[in-house]
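Below: the structure, in structure tokens.
Counting convention: from 1, in listed order, for ligands and their atoms alike.
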Amino acid sequence: MSIQQNIIWHDSAITKEDRRRQNGHHSFVLWFTGLSGSGKSTISNALAKELYDRRIGNYVLDGDNIRNGLNKDLGFSDKDRTENIRRISEVSKLFVDNGTVVLTAFISPFLEDRKKAKEIVGEDEFIEVFVNCPLEECEKRDPKGLYIKARNGEIPDFTGIGSPYEEPDQPDLTIETSEQSIPACVDTIIEYLERRQLI
Ligand SMILES: Nc1ncnc2c1ncn2[C@@H]1O[C@H](COP(=O)(O)OS(=O)(=O)O)[C@@H](OP(=O)(O)O)[C@H]1O
Ligand SMILES: Nc1ncnc2c1ncn2[C@@H]1O[C@H](COP(=O)(O)OP(=O)(O)O)[C@@H](O)[C@H]1O
């Protein structure tokens, strides 16, 4: 017997379209994916500020922060990473329903999990942004000192070292953070959103 047997959906009195109309802008998810140190947090926060200055309501969901609260029961096994991404996808969907632009900054290393994230959010409202940066450059940056720990065997399942990162096949957008400055990466994303008339 399903544990969801007696759960009945209740429609909201205010629709997503109502909220978008009141906010004066569209709502969608920018799903940043990339290695640790590739620049997901840096770019998503810089972009959030730019959107905020344009009065576009937005919210950043960041791996390190979410793992301190909502997902503090999850580690870095494949199964836990999958559950991490599933929960974030559901939360993102709620934010989109609220008329908010969501910026997610999770490694989200598995193709299958990102595919499911897109299904949960809805494909028209899901924009995959590949934050591309060679592993060697991420290791050189090592902003949190985690790569050195991983190389020393202290983090056996670290992404890119002991755990895989599956690059997107067909991302909606790729930013090359080892080649472009932070403002240039933000500009690339803004231009993309303007071209698609999402902002
Ligand atoms: N084993 C292992 N592998 C990868 N990353 C690790 C690990 N242990 C801790 N960290 C720190 O956790 C951040 C990644 O969390 P995410 O929720 O984005 O990971 S995942 O999407 O579930 O794979 C990641 O943050 P970012 O550097 O911002 O990506 C790390 O700071
Ligand atoms: N073009 C760039 N885009 C993003 N980050 C950059 C860029 N150039 C240098 N960096 C630096 O790289 C590091 C990226 O770290 P972070 O944003 O925490 O990555 P992630 O969230 O993917 O782990 C920061 O120290 C940032 O200042």
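A donor-acceptor pair under 3.5 Å links the side-chain atoms of Asn58 to the main chain of Ala48, judged by distance alone. Side chain of His25 to backbone of Arg20: no donor-acceptor contact under 3.5 angstrom is found. A distance-only check finds a donor-acceptor pair linking the side chain of Asp18 to the backbone of Thr15 [under 3.5 Å]. No donor-acceptor distance shorter than 3.5 angstrom exists from the side chain of Asn68 to the backbone of Lys72, with no hydrogens or angles considered. Between the side chain of Asn132 and the backbone N or O of Glu176 there is no donor-acceptor pair closer than 3.5 Å.
Protein heavy atom nearest atom 27 (O) of ligand 1, with residue, atom name and distance: Ser36 OG, 2.5 Å. Looking at atom 1 (N) of ligand 2, its nearest protein heavy atom turns out to be Gln180 O, 2.7 Å. Looking at atom 19 (O) of ligand 2, its nearest protein heavy atom turns out to be Gly39 N, 3.1 Å. In this structure, atom 15 (O) of ligand 1 lies nearest to the protein heavy atom Arg67 NE, 3.4 Å. Protein heavy atom nearest atom 12 (O) of ligand 2, with residue, atom name and distance: Arg141 CD, 3.2 Å.
Of the heavy atoms in Ile107, both backbone and side-chain atoms come closer than 4.0 Å to ligand 1. For Pro143, every heavy-atom contact with ligand 2 shorter than 4.0 Å involves the side chain, none the backbone. With a heavy-atom cut-off of 4.0 Å, Phe106 touches ligand 1 through backbone and side chain alike. If you look at Ala184 next to ligand 2, there are no close heavy atoms at all, none under 4.0 Å.
Ion pairing of Asp113 with Lys118 is absent here, as no side-chain N (NZ or NE/NH1/NH2) approaches a carboxylate O to less than 4.0 Å.
At most 12 heavy atoms of other shown residues, nucleotides or ligands fall within 6.0 angstrom of atom NZ in Lys149.
Numbered from 1 in the order shown, with element, the atoms of ligand 2 that lie under 4.0 Å from a heavy atom of Ser36 read 23 (O). Atoms of ligand 2 found under 4.0 Å from any heavy atom of Thr177 (numbered from 1 in listed order, with element): 1 (N), 2 (C), 3 (N), 7 (C), 8 (N). For ligand 2, the atoms lying closer than 4.0 Å to a non-hydrogen atom of Leu35 are 22 (O). For ligand 2 and Ile43, the ligand atoms under 4.0 Å from any heavy atom of the residue are 3 (N), 4 (C). For ligand 1, the atoms lying closer than 4.0 Å to a non-hydrogen atom of Pro109 are 21 (O), 23 (O).
A donor atom on one side chain and an acceptor atom on the other are found under 3.5 Å apart for Thr188 and Gln180.
Note: no N/O pair closer than 3.5 Å links Leu146 and ligand 1 by distance alone. Ligand 1 has an N or O atom lying under 3.5 Å from an N or O atom of Arg81, backbone or side chain. Backbone and side-chain nitrogen or oxygen atoms of Gly37 are examined, and one is located within less than 3.5 angstrom of a nitrogen or oxygen of ligand 2.
Here the options are Thr42, Ile175, Leu47, the test is side-chain contact (heavy atoms from CB on, under 4.5 Å), and the partner is Val186; only Leu47 passes.
Distances from ligand 2 to the non-hydrogen atoms of Gly34 include no value under 4.0 Å.
Residue Thr159 holds the heavy atom nearest to atom 4 (C) of ligand 1 of all those in Ile161, Ile155, Thr104, Thr159. By heavy-atom distance, the residue among Thr42, Asp64, Ile175, Thr159 lying nearest atom 16 (P) of ligand 2 is Thr42.
In this pair, Phe158 and Tyr147 present their aromatic rings perpendicular. The plane angle is above 60°, beyond the 30 to 60° band.
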